[in-house]
Amino acid sequence: MVSRRTLLMGAAGGLVAAGGIGGLPRRLWADEAVPLSPGVPEGLRGVATLEALPGKLPLIKLTYRPPNYETPVRYFDSVLTPNDAFFVRYHLADIPEVDGAGWRLRIGGDAVETPAEYSLDDLKHGFETVEVVAVCQCSGNRRGLSQPHVAGAEWGYGAMGNARWTGVRLKDVLNKAGLRKEALEVVFDGADGPVIDKTPDFQKSLPIWKALDENTLIAFAMNGAPLPHWNGYPARLVVSGWTGTYWMKHLTAVQAVSSAFKQFWMNPAYRIPVGKYPVIDRFFSQETATSTPITEMVVNSLVTNLSPGHKAKAGRPLDVKGQAWDGGYGISEVLVSTDGGKDWRPATLGEDLGRFSFRPWSFRFVPQAGEHVIMAKATNRVGASQTFALNFNPAGYHNNVVQRIAITAA
Ligand SMILES: Nc1nc2c(c(=O)[nH]1)N[C@H]1C(S)=C(S)[C@@H](COP(=O)(O)O)O[C@H]1N2
Ligand SMILES: [Mo]
């Protein structure tokens, strides 16, 4: 296997020293103004700040090295998350600024006939260009709401985003290299790496069936613009339906292999206990008796226009608005309760940008004076729905607990 360092050397002309993207983030607002999600650990207050990375709007900074920045909920008002508000998640702090002109993508592994190397232009002109609107959500989105609290980035509701991704099908690129029948997994590497050599490089693999899915892309554009540096410039993987961990940024190497890829980021990282979640997309070659890689996202929804303590006018129509999404079956229904879960009524579903996208929804009601507990619950086309209590796991993954937002009308 080609090492990351060799790849970096191979693309030498295209890489400049880490930090080239421009110094320290700008800190804009006082800590009190940081729009933390209700329920995240109290300790985050004063630690998390609202800061702008170069090229980004102010986002909720959980850590700077590596950069972990969460999208404030109000940006989910629109069905597509703006590029400059899209969350940023990294595991490792050595993040080079990749120059698109010098960048090369290597295709290899023991399960391809003909290894290849492509420039950005080769990819753009050598393969059919396709688009998909898809949610990229960190496995640990909402981890900060776990009870008891668990270790890891203490994300609130904003470790996710929805974008229109443009690129080429991974399948077309693999087929051009000639896949051997023994291909079992496809392994991905990106240009970022550990600062300390002991830390394992961030690499991920996919089962061959998911790598060959027509909605798995090597994307070079996001919402019609080149990928922002922080979201994987010049090219990243888009694994529609699956959690963000597989969406390798600054992609440098794609290797089809005939054996299971054994590395820290596949096991023990990013695992869920067997049998605890409704896993439909199996990753057989990575399963053990007790744990399995996290794969597709669970069905979920978010109220985007109301937060706890909202003050509404009694007797006036109030719209509850939000987004719903799942692992790619598509949302069939969103039910809303305005009385803490006694009565449920269907929300109106908005624009359908495809089964991997956020599905906007809205619900209008006229609150009488007093307190109202707003809840929303999405169901997908295979009948899966959200939970009312946390289905706990030690990594804080798959949190799709129905929100309870207490508002008052007067
Ligand atoms: N090269 C690289 N790609 C990566 C990661 C990383 O640390 N390095 N993190 C992954 C994880 S866990 C997530 S959730 C998504 C986040 O994508 P974003 O930073 O564009 O929002 O990127 C994925 N791709
Ligand atoms: Mo993630």
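First listed ligand is number 1; within each ligand, the first listed atom is number 1. Residues take their numbers from the sequence shown, with the count starting at 1.
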| Got the closest protein heavy atom to atom 24 (N) of ligand 1, with its distance? | Trp247 O, 2.9 Å

| query | Any ion pair linking Lys56 and Asp84 (charged N to carboxylate O, less than 4.0 Å)? | reply | no

| task | Look at atom 17 (O) of ligand 1 and say which protein heavy atom is nearest, naming residue and atom and giving the distance to 0.1 Å. | result | Arg236 NH2, 3.0 Å

| request: Identify, for atom 23 (C) of ligand 1, the protein heavy atom at the shortest distance, and state residue, atom and that distance. | output: Gly244 O, 3.2 Å

| said: Any atom of ligand 1 sitting under 4.0 Å from a heavy atom of Leu92? | reply: no

| Between Phe76 and Phe358, how do the two ring planes meet: parallel, tilted or perpendicular, split at 30° and 60°? | perpendicular

| task | Check Glu154, His91, Arg89, Lys61 against Asn68 for a side chain to side chain donor-acceptor pair (under 3.5 Å) and give me the one that passes. | result | Arg89

| Geometric cation-pi criterion Lys321 and Phe363, 6.0 Å radius, 45° cone | no

| Which ligand 1 atoms are under 4.0 Å away from a heavy-atom of Val88? | 19 (O)

| Min N/O separation Asp192 to ligand 1 under 3.5 Å | yes

| message | Let me confirm one number: the OH-OG1 distance from Tyr157 to Thr304, rounded to the nearest 0.5 Å. | response | 12.5 Å

| Can you tell me which residue and heavy atom of the protein come closest to atom 21 (O) of ligand 1, and the distance to 0.1 Å? | Phe87 O, 2.7 Å

| task | Would you mind running through ligand 1 and noting each atom that sits below 4.0 Å from a heavy atom of Cys138? | result | 14 (S)

| query | Is any NZ, NE, NH1 or NH2 atom of the basic residue among Asp122 and Lys124 found under 4.0 Å from an Asp or Glu carboxylate oxygen of the other? | reply | no

| field | Minimum-distance protein heavy atom relative to atom 4 (C) of ligand 1 | value | Phe202 CE2, 3.5 Å

| message | Please list the nearest protein heavy atom to atom 19 (O) of ligand 1 with its residue and the distance rounded to 0.1 Å. | response | Lys249 NZ, 2.4 Å

| message | Tell me whether Tyr270 has any N or O atom under 3.5 angstrom from an N or O of ligand 1. | response | no

| Is the shortest N/O to N/O distance between Asn231 and ligand 1 below 3.5 Å? | yes

| said: Quiz question: by atom type and distance under 3.5 Å, do the side chains of Asp121 and Ser119 form a donor-acceptor pair? | reply: no

| What atoms of ligand 1 come within less than 4.0 Å of a heavy atom belonging to Phe86? | 21 (O)

| query | Do any nitrogen or oxygen atoms of Arg89 lie less than 3.5 angstrom from nitrogen or oxygen atoms of ligand 1? | reply | yes

| note | heavy-atom search around atom 7 (O) of ligand 1 in the protein gives His91 ND1, 2.8 Å

| said: Could you check whether any side-chain heavy atom of Gln263 comes within less than 4.5 Å of a side-chain heavy atom of Pro200, counting everything from C-beta outward? | reply: yes

| task | Kindly assign one of parallel, tilted or perpendicular to the pair Tyr90 and His250, based on the angle between their ring planes and the thresholds 30° and 60°. | result | parallel

| Short side-chain donor-acceptor distance under 3.5 Å, Asn141 and Tyr397 | no

